[in-house]
Amino acid sequence: MMTIRRRLLLPLLPALALLMLLGGIVDYWVAAVTTRSAYDRALASSAVALAAGIRIDNGRISYVPGPSADGPADTIAGPGLYSITGPDGALIAGTPSLPDGSAVVAPPDGDPAFRTVRFEGQPWRIGSIVARTSAGPVRISVAESPGRRARTQRVMFLGKLVIDFAELDLMLLLIWVAVYVGLKPLSRLEARAEQQAGRPLQRFDEASVPGELRALVVAFNRVLELL
């Protein structure tokens, strides 16, 4: 037998399932955008750190590593590969086979540019900046494997899903409690009707029932008057 409680709760399940699906899509998009933005900023910071080691000596460009590392600074993006090329495209320091300006075109105003390229059979994320020097523009490119950012994105996405499932469970519990409390007047009305069998018939108090039940109680009182 289909109860009123079931009639109220069952239509909510498809709506909540659809809401959960849309929430999962939004969570994945937020995790992807947040992770990409954070790791791209880390690549840009590594490129800026490398630019600080560029030296100009009699018009010749060279790179002097910092005291703590000879490559990109360790950030959340990890110690990726890098390359520093001069105005003529010649490699000054770094990985010779790393894609440079032909793969990533950095704007001339110093803002970083990012692109995902195939390198050694795997996709790599490359960030590049162009540093203006007296000997000409120098391009600094830093690359890191997307494996770490993929793991971070996955953890962030799963964390958001767990939170969404917890919120959904709490929402279902609150809805069930609300429906249970909302149907209490029906239970009291049922108990009052069962008491009529053991004593003289009495009218139901029409003012003490919810508005949705008032018409039913009024009709039932008329039946009692006929009886």
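- Using a distance-only test at 3.5 Å, with no hydrogens or angles considered, a donor-acceptor pair links the side chain of Asp88 to the main chain of Ala90.
- Ile126 is not listed as a side-chain neighbour of Val142, based on a closest heavy-atom distance of 4.5 Å or more.
- Note that CD1 of Ile92 is 8.0 Å distant from OG of Ser62, once rounded to the nearest 0.5 Å.
- Under the 4.5 Å side-chain contact rule for hydrophobic residues, Leu173 and Val181 share a cluster.
- With hydrophobic clusters built from ILVMFWY side chains whose heavy atoms lie under 4.5 angstrom apart, Trp176 shares a cluster with Leu16.
- In terms of heavy atoms, Tyr63 sits closest to Ile54 at CD1-N, 4.2 Å.
- Salt bridge annotation for Arg115-Asp40: absent, with no cationic side-chain nitrogen under 4.0 angstrom from a carboxylate oxygen.
- Residues Ala135 and Gly59 come closest through the heavy atom pair CB-O, 3.8 Å.
- Here the CG-CG distance, from Asp164 to Leu22, works out to 11.0 Å after rounding to the nearest 0.5 Å.
- Shown here for Gly24 and Leu161, the closest heavy-atom pair between the two residues is CA-CD2, 4.0 Å.
- For Arg55, the CZ atom sits in a packed shell: over 12 heavy atoms of surrounding residues, nucleotides or ligands are nearer than 6.0 Å.
- Side-chain contact between Ile61 and Ile56 is present, with heavy atoms from C-beta onward closer than 4.5 Å.
- The side-chain heavy atoms of Leu91 and Ile84, taken from C-beta on, include no pair separated by under 4.5 Å.
- For Ser37 and Arg41, the side-chain atoms include at least one donor-acceptor pair closer than 3.5 Å.
- Hydrophobic clustering (side-chain heavy atoms under 4.5 Å, transitive across Ile, Leu, Val, Met, Phe, Trp, Tyr) keeps Leu170 apart from Ile163.
- You'll find the side chain of Ile129 reaches within 4.5 Å of the side chain of Val48, heavy atoms only.
- Under the 4.5 Å side-chain heavy-atom criterion for ILVMFWY residues, no single connected hydrophobic cluster contains both Trp29 and Val155.
- If you take CZ on Phe157 and OG1 on Thr34, they are separated by 13.0 Å, rounding to the nearest 0.5 Å.
- Looking only at side-chain heavy atoms (C-beta outward), Lys160 and Tyr28 stay at 4.5 Å or farther from each other.
- In this structure, the side chains of Tyr82 and Thr95 stay at 4.5 Å or more apart for every pair of heavy atoms.
- For the pair Ala31 and Met156, the tightest heavy-atom approach, listed with the atom from each and the gap, is CA-SD, 3.6 Å.
- Side-chain atoms of Ser46 come within 3.5 Å of backbone atoms of Ala42 as a donor-acceptor pair (strictly under, hydrogens ignored).
- Side-chain contact, Arg125 with Thr116: a donor N or O sits under 3.5 Å from an acceptor N or O.
- Residues Arg149 and Glu144 form a side-chain contact, since some pair of their non-hydrogen atoms from C-beta on lies under 4.5 Å apart.
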Would Phe114 and Arg36 count as a side-chain contact (heavy atoms from CB on, under 4.5 Å) if you check the C-alpha gap in whole Å, the side-chain angles of each, and the deciding distance to 0.1 Å? CA-CA 10 Å; Phe114 306 95; Arg36 182 175 65 247; over 6 Å; no
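- Hydrophobic clustering keeps Leu21 apart from Leu19 (ILVMFWY residues linked when any side-chain heavy atoms are closer than 4.5 Å, directly or through intermediates).
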